[in-house]
Amino acid sequence: MALPSSYRPRPGEIPTNPGVYRFRDEHKRVIYVGKAKNLRSRLNSYFANPDSLMPRTRAMVHTAASVEWTVVGSELEAIQLEYTWIKEYAPRFNIMFRDDKSYPYLAVTMSEKFPRVQVMRGDKRKGTKYFGPFYPAKAIRETVDTLLRVFPVRTCSVGVFNRAQRTGRPCLLGYIDKCSAPCVGRISPEDHKALAGEFCAFMGGEADRFIRALDKKMAAAVAELDYEAAARYRDDIAALKRVFERNAVVLSEDTDADIFALVEDELEAAVQVFHVRGGRIRGQRGWVVEKVEDATRADLAEHLLQQVYGDGEDPDRIPPQVLVPVEPENREELEQWLRGLRGRKVELRVPRRGDKAALLDTVRQNAEQALALHKSRRAGDITTRSAALQELQEALDLPVALLRIECYDISHVQGTNVVASMVVVEDGLPKKADYRRFSITGEAARDDTSAMYDVISRRFRHYLADKTAQPAGGPEPDTAEPAAPAETAQSAGAENPDTAGPAEPLADTTTEAPRTKFAYPPNLVVVDGGPPQVAAASRALADLGITDVFVVGLAKRLEEVWLPDDDFPVILPRASHGLYLLQRIRDEAHRFAISYHRQKRGKSMTESILDGVPGLGPAKRKALLKHFGSARKLKAAGVEDLLQVPGVGPALAASIKRHLAPDGAAEPPAPVLNMATGEIVDS
């Protein structure tokens with residue numbers, strides 16, 4: 001840990017303007033992002049008397065090794081830049097609101113040629129409209145099934161849709177009139193997209209318009225004595241009304257609002273939100289967050305609104321009213337920011353009395369229950385993980401806490417298609433965003449120890465290269481940070497604490513993002529194997545001059561833990577939490593390596609009748625098979641038919657025809673065959 005005095009900026013160097021600041025650790029990782037009306041006043045509060053700070057803030061300033069700041073023109077710009085950096089860097093000492101569960105959303109993929117309605121979880125995708133979240137998932141599936149009667153939008157997967165296109169026959173939903181069957185041309189792409197737009201309009205709160213239109217159609221059918229059509233319209237109206245009968249009216253029918261409630265203790269905070277549309281509760285969502293920074297309730301409310309609404313991908317999901325339990329200090333700037341995202345006025349306020357205050361109290365009760373349930377579920381898990389890491393550190397006699405562990409495994413079949421995997425565990429939990437996989441060729445693939453040496457060398461060469469590329473006395477160059485033309489970026493580096501870095505403009509936001517880097521180094525490297533693999537990994541680190549990363553191996557036969565240069569293994573008790581943690585990491589690395597090996601082996605063992613055609617690459621080969629549907633039709637096609645495929649010219653068409661002809665210059669290979677299974681892939 002660094003002393004705050006070692007990187008404290010010199011007096012007078014910090015401007016008094018509003019701005020955003022970042023603390024970085026010794027590896028140049030951003031560990032905290034904050035904003036201030038007066039940068040000098042805020043930053044001096046961290047360095048004046050570090051020992052008097054709250055525990056988490058004190059831990060942050062001692063973990064940091066440098067601080068840098070960016071001056072902006074207003075508090076609104078500070079809000080925007082702070083949110084951008086928190087989203088980009090995910091600093092460990094910032095409050096990050098994450099869902100306490102993965103809620104299902106109703107999604108409509110409006111960016112596709114034939115939009116699809118589906119229930120989705122996880123990250124949101126660009127060009128897709130989302131409604132919800134809904135809980136439980138069964139409720140939204142019942143809603144979709146009901147609405148397909150009136151809005152028969154496509155719901156099938158890509159594979160089912162493509163198969164229907166090839167065969168010319170729709171799926172079951174097409175036969176029972178719950179899909180307009182765009183796959184077989186029953187409806188044009190334009191009309192189908194318009195139908196999907198009507199589906200979105202209904203889910204967006206325009207139900208009355210569609211119900212009135214169906215009422216008129218039913219009356220007209222009755223007037224014409226077309227009672228069958230009138231009965232269908234009657235059932236459609238009942239179906240639409242049934243969707244909204246599931247949700248009770250809690251506020252006036254013209255009310256669209258998100259109502260947030262916040263409950264906290266010394267360590268954690270729980271947030272619940274009710275999404276009210278048309279006076280009805282249309283969705284509920286919750287977060288539980290660890291309070292890694294010292295923040296007031298007003299600060300928590302501000303961070304919450306930034307992270308919930310900040311992506312700006314779907315402005316329609318921001319309602320005209322946002323009700324919060326406590327008013328943020330910069331309410332006017334937040335309203336202005338939300339108005340910029342929505343394109344219309346947004347009112348941010350605290351309800352004091354009436355129905356909205358009563359509903360806020362109901363949301364608060366849900367937050368209290370969520371926090372109590374979270375604590376009861378997480379207590380045992382946190383205790384077990386902490387005990388496992390502590391036990392492992394003591395058993396291996398390591399001087400540092402095991403904050404990050406990386407495990408490596410080699411996978412191959414008799415020396416062919418050699419691959420390796422790297423999985424990462426932080427604080428006892430997998431961090432899948434940092435997983436890596438390696439393809440090993442040449443001399444390195446001759447045996448497991450050579451492969452392990454190669455993988456460890458490659459992984460840590462990347463780390464050393466990234467570390468060397470960083471400037472010694474200033475901030476790491478940021479190639480994708482948004483900034484107004486008047487902004488400047490300054491820093492006080494860890495290696496030159498007496499001199500502030502020179503002012504430099506932030507890069508233009510259109511600059512291409514840097515390549516994905518390997519993350520910071522682990523405290524412990526675990527290899528799947530015994531002394532040979534451990535020796536190879538240790539030798540690779542020694543050859544690179546890395547001495548602060550420890551290596552162990554876990555042998556499968558007796559689950560012994562091997563250390564470098566030790567003649568005897570460390571034997572952990574069978575009931576040891578530390579051994580169980582190592583086994584889970586090793587098994588995850590094995591799973592990740594096997595999946596990549598199978599993928600690579602499958603590609604190498606699949607042959608095509610188009611292999612060997614001069615000038616025919618993978619993209620055109622895929623386009624040909626997609627156009628004709630099968631290898632048999634492709635063989636029967638003439639040159640004129642081949643010219644209909646995009647990207648195929650006369651010369652290439654003639655070359656393909658000669659290659660496929662029985663008496664041509666080239667003997668065609670066997671039909672498309674998967675050599676691993678013996679299955680004929682195409683016929």
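Here the structure is a predicted model, which is why all the values come from computation and not from measurement.
- Between Val72 and Gly19, the shortest heavy-atom contact is CG2-CA, 3.8 Å.
- Atom CH2 of residue Trp287 and atom CG of residue Leu371 lie 15.0 Å apart, to the nearest 0.5 angstrom.
- Other residues, nucleotides and ligands contribute at most 12 non-hydrogen atoms within 6.0 Å of the NZ atom of Lys37.
- Not one N or O on the side chain of Asp427 forms a donor-acceptor pair closer than 3.5 Å with the backbone of Leu429.
- For the salt bridge (Lys or Arg N to Asp or Glu O under 4.0 Å) test, residues two or more places apart in sequence or in another chain that qualify with Glu335 are Arg331.
- Between the CG atom in Leu43 and the CD atom in Glu13 there is a gap of 11.5 Å [rounded to 0.5 Å].
- Summarising the geometry of Ala367 relative to Val263, their closest heavy-atom pair is CB-CG2, 3.8 Å, with the distance given to 0.1 Å.
- Summarising the geometry of Ala370 relative to Gln272, their closest heavy-atom pair is CB-NE2, 3.7 Å, with the distance given to 0.1 Å.
- Formation of a donor-acceptor pair under 3.5 Å by the Glu327 side chain with backbone atoms of Val350 is not found in this model.
- By the salt bridge (Lys or Arg N to Asp or Glu O under 4.0 Å) test, Glu75 is found to be paired with no residue, residues two or more places apart in sequence or in another chain being considered.
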- Evaluate the criterion side chain to side chain contact (heavy atoms under 4.5 Å, CB included) for residue pair Asp434 and Glu426; output intermediate values, then yes/no. CA-CA 10 Å; Asp434 287 354; Glu426 288 192 358; 4.3 Å; yes
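- Note that the OH atom of Tyr21 and the NZ atom of Lys35 stand 9.0 Å from one another [nearest 0.5 Å].
- When all heavy atoms of Arg436 and Ala433 are compared, the closest pair comes out as NH1-O, 3.4 Å.
- A search for ring-ring contact (aromatic ring centres under 6.0 Å, His included) contacts involving Phe151 returns Phe202, Phe210, not counting sequence neighbours.
- The shortest side-chain heavy-atom distance between Leu359 and Val276 falls under the 4.5 Å cut-off.
- Counting only heavy atoms from C-beta outward, the side chains of Asn44 and Arg8 approach each other to under 4.5 Å.
- Other residues, nucleotides and ligands contribute more than 12 heavy atoms inside 6.0 Å of the CD atom of Gln365.
- Note that CD1 of Ile14 and CZ of Arg42 are 12.0 Å apart. Values are rounded to the nearest 0.5 Å.
- The side chain to side chain contact (heavy atoms under 4.5 Å, CB included) check on Arg297 picks up Leu262, Glu264, Pro325, Val326, with sequence neighbours excluded.
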- Stepwise, does the side chain to side chain contact (heavy atoms under 4.5 Å, CB included) test hold for Asn94 with Gln307? CA-CA 12 Å; Asn94 276 95; Gln307 295 183 36; over 6 Å; no
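- The shortest side-chain heavy-atom distance between Val308 and Val273 does not fall under the 4.5 Å cut-off.
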- Evaluate side chain to side chain contact (heavy atoms under 4.5 Å, CB included) for Glu333 paired with Glu302, printing each intermediate quantity in order. CA-CA 11 Å; Glu333 287 78 11; Glu302 179 184 337; over 6 Å; no
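- Separation of the Phe23 and Tyr46 ring centroids falls under the 6.0 Å cut-off.
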- Are Leu81 and Trp85 close enough, and set up right, to give a side chain to side chain contact (heavy atoms under 4.5 Å, CB included), and what steps lead you there? CA-CA 6 Å; Leu81 187 57; Trp85 281 351; 3.8 Å; yes
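- A donor-acceptor distance shorter than 3.5 angstrom exists from the side chain of Thr109 to the backbone of Arg116, with no hydrogens or angles considered.
- For Leu389, the side chain to side chain contact (heavy atoms under 4.5 Å, CB included) criterion is met by Leu402, Ile405, Leu581, not counting sequence neighbours.
- For Glu332, there are no side-chain hydrogen bond (donor to acceptor under 3.5 Å, both in side chains) partners at least two apart in sequence or on another chain.
- If you take CG on Asp299 and OG1 on Thr296, they are separated by 3.5 Å, rounding to the nearest 0.5 Å.
- Taking the ring-ring contact (aromatic ring centres under 6.0 Å, His included) definition, one finds that Phe592 meets it with Tyr435, sequence neighbours left out.
- Looking at every heavy atom in both residues, Val108 comes nearest to Ala196 through CG1-CB, 4.3 Å.
- The salt bridge (Lys or Arg N to Asp or Glu O under 4.0 Å) search around Asp361 returns Arg364, not counting sequence neighbours.
- Ala357 pairs by the side chain to side chain contact (heavy atoms under 4.5 Å, CB included) definition with Pro351, not counting sequence neighbours.
- The shortest heavy-atom contact between Trp337 and Gln80 is CD1-CG, 3.4 Å.
- Between Thr63 and Tyr32 the shortest side-chain heavy-atom distance does not fall below 4.5 Å.
- Taking 4.5 Å as the limit, some side-chain heavy atom of His27 sits within range of a side-chain heavy atom of Pro521.
- Asp258 pairs by the side-chain hydrogen bond (donor to acceptor under 3.5 Å, both in side chains) definition with His275, Arg277, Tyr309, not counting sequence neighbours.
- Side chains of Pro522 and Arg459 form a contact here, defined as non-hydrogen atoms less than 4.5 Å apart.
- A donor-acceptor distance shorter than 3.5 angstrom exists from the side chain of Asn523 to the backbone of Leu403, with no hydrogens or angles considered.
- Side-chain contact between Ser157 and Gln118 is absent, with no heavy atoms from C-beta onward closer than 4.5 Å.
- Between Tyr7 and Phe47, the ring planes are perpendicular. Angles over 60° get that label, and only those under 30° would be called parallel.
- The distance from the CD1 atom of Ile318 to the CG atom of Leu338 is 6.0 Å, given to the nearest 0.5 Å.
- Here Gln321 pairs with Ala257, Leu323, Glu347, Arg349, Lys356 under the side chain to side chain contact (heavy atoms under 4.5 Å, CB included) rule; sequence neighbours left out.
- With sequence neighbours excluded, the residues satisfying salt bridge (Lys or Arg N to Asp or Glu O under 4.0 Å) with Glu112 are Arg154.
- Residues Val423 and Pro430 form no side-chain contact, since every pair of their non-hydrogen atoms from C-beta on lies 4.5 Å or further apart.
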